[in-house]
Engineer: 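My questions all concern the structure below.
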Amino acid sequence: MAAPCFLGWDFSTQQLKVIAIDEHLKVIYEDNVHFDKDLPEFKTQGGAYVHSDRLTVTSPVLMWVKALDMILEKMKSSGFNFAQVRALSGAGQQHGSVYWKKGSIQTLKNASPELPLHQLLKACFAVSNSPIWMDSSTASQCSNLEKAVGGAQRLAAITGSRAYERFTGNQIAKIYSQNPEVYTQTERISLVSSFAASLFLGAYAPIDYSDGSGMNLLQIWEKVWSASCLDACAPGLEEKLGSPVPSHSVLGSISPYYIQRYGFSPDCKVVAFTGDNPASLAGMRLQEGDIAISLGTSDTLFLWIQEPTPALEGHILCNPVDSQTFMALLCFKNGSLMRERIRDDCASGSWDEFSKALSSTVAGNNGNLGFYFDVMEITPEAVGIHRFNSDNQKVSDFPKEVEIRALIEGQFMAKRIHAEKLGYKVMPRTRILATGGASHNKKILQVLSDVFNAPVYTIDTANSACLGSAYRAIHGLVAETNVSLADVVKLAPEPRLAVTPTTGAEELYRPLLKRYAELEQKVIYNPTSCPV
Ligand SMILES: O=C(CO)[C@@H](O)[C@H](O)CF
């Protein structure tokens with residue numbers, strides 16, 4: 001009897017990835033299909049089409065289907081033993097939506113194993129180019145939705161986020177208003193995650209609570225669709241969405257199509273798919289009180305939160321590994337490009353010199369504080385460079401090494417302040433899991449550790465959504481017995497401890513954090529008033 005294994009899928013923006021892990025969580029297979037390179041007939045760029053209005057961004061749904069055909073054929077030719085797969089789960093880019101045409105359920109259910117999926121399903125989609133998360137063409141739908149429910153803060157209180165152009169409810173509203181006949185022809189609307197799960201299930205898979213939190217449609221507290229949000233977007237929407245389910249749900253056994261065409265076991269279970277970021281949270285094995293910080297072009301924070309306070313920034317989602325709690329996403333657009341620009345201006349383009357400047361300046365920077373936003377920041381909405389001395393007086397410049405410390409301390413103080421605004425609390429057990437370019441720089445991590453007064457670990461998240469999906473496949477089989485994901489994956493490699501907080505850091509940064517929050521109110525973008 002072949003050793004059991006578990007598959008994790010990631011239908012991301014630029015590629016389809018798969019990872020197989022054995023019962024000891026060891027990776028035994030991984031593969032990918034890169035949309036632009038391996039499916040050139042679709043002529044996508046970065047897996048998508050940016051339309052001439054520069055606002056509309058879509059991806060061809062049949063490209064995702066054909067990528068699955070391709071990767072399964074690659075696995076088959078490599079001799080992968082599909083019969084050993086006990087369960088599979090997956091992730092999809094958040095917010096994207098798929099529109100199944102009336103009657104497609106029969107095609108899905110009766111798929112003939114002689115043919116590839118992309119041939120079987122070629123007439124199944126009422127919208128051939130699915131809107132994806134990069135789209136920002138629904139501003140009018142967003143303001144309509146916020147008005148309909150009583151304002152931006154009210155919508156955030158209901159669904160975890162104010163209205164965002166990429167969020168699915170607003171995308172559906174646009175399709176309904178611009179193509180009502182297409183909307184009428186649609187019998188089911190999936191997210192990318194539940195669309196992918198449907199392909200394996202041979203039936204329409206439900207939307208999970210966590211990815212459903214990225215639609216501006218789900219009441220994240222009661223975990224039901226918000227009637228007022230649905231009605232504001234399109235008529236009869238609830239029937240087209242189906243009922244949402246807990247993210248750990250076992251949806252059923254794999255469709256006979258895969259058993260006959262690839263040799264999957266009839267006992268292989270399909271566990272609900274979810275969004276890429278929730279799946280990454282699982283892949284990073286975040287636990288209560290942890291923070292994951294991806295230090296990339298934008299800096300992204302993943303937070304595990306017990307009692308969230310939804311705000312006009314960031315996103316609160318149902319937690320994918322514990323339906324009783326929540327997760328939050330916070331995005332800071334001025335991330336690595338901002339750090340590189342200051343490195344070039346103040347450290348002659350050298351990270352070594354940058355690090356030396358951090359070492360040569362004192363924690364707290366003698367009260368000098370800075371806000372560094374070369375591009376319009378979203379957390380908070382602000383732009384430009386703003387420097388303040390220890391008396392809170394605006395100054396036009398800092399010495400180079402002071403500028404470097406002011407940038408790094410400012411970026412991390414902002415992260416702590418905005419995380420705590422969403423309800424996050426630093427706990428004695430808090431760990432910061434850092435990933436991305438800057439996580440290789442210990443001097444930068446030391447500032448992060450001191451500002452949060454928590455140890456910083458580094459993790460490799462290259463495949464976190466895929467790995468998280470494989471972990472969730474295992475967890476789905478035992479979740480009903482109240483086993484936590486953390487217990488199921490305790491054999492996984494531990495994150496590496498990089499730095500711990502300097503003694504006295506909490507006392508030092510507490511007053512600075514207060515000052516920073518107060519000064520931030522002065523730099524927030526207010527188009528009607530003159531710049532600070
Ligand atoms: O829009 C996002 C999250 O809100 C992106 O991170 C997408 O999930 C990327 F696929």
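Counting starts at 1 for both ligands and their atoms, in listed order. For the numbers below, each heavy atom of this structure counts, side chains included, while hydrogens, waters and symmetry mates do not.
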Engineer: Under 4.0 Å from any heavy atom of N277, which atoms of ligand 1 are there?
Structural biologist: 3 (C), 5 (C), 6 (O), 8 (O)
Engineer: Look at atom 5 (C) of ligand 1 and find which of F167, W133, F11 reaches it with the closest heavy atom.
Structural biologist: W133
Engineer: Is the F167-H315 ring centre distance short of 6.0 angstrom?
Structural biologist: yes
Engineer: Please write down residue, atom name and distance for the protein heavy atom closest to atom 10 (F) of ligand 1.
Structural biologist: D276 OD2, 3.0 Å
Engineer: Can you list the atoms of ligand 1 that are under 4.0 Å from a heavy atom of H95?
Structural biologist: 1 (O), 2 (C), 3 (C), 4 (O)
Engineer: Need the ligand 1 atom indices (1-based, order shown) with element for anything under 4.0 Å from a heavy-atom of Q93.
Structural biologist: 10 (F)
Engineer: Would you say the side chains of S228 and S226 form a donor-acceptor pair under 3.5 Å?
Structural biologist: yes
Engineer: Under 30°, 30 to 60°, or over 60°: which ring-plane class applies to F11 and F195, parallel, tilted or perpendicular?
Structural biologist: perpendicular
Engineer: Using distance alone, decide if ligand 1 has a nitrogen or oxygen within less than 3.5 Å of any nitrogen or oxygen in Q94.
Structural biologist: yes
Engineer: Mark yes or no: K415 above the aromatic ring of F452, with NZ or CZ under 6.0 Å from the six-membered ring centre and no more than 45 degrees from the axis.
Structural biologist: no
Engineer: For ligand 1 and T13, I'd like to know whether there is a polar contact (N/O to N/O, distance under 3.5 Å).
Structural biologist: no
Engineer: Just wondering, do K66 and M63 contact through their side chains at under 4.5 Å, heavy atoms?
Structural biologist: no
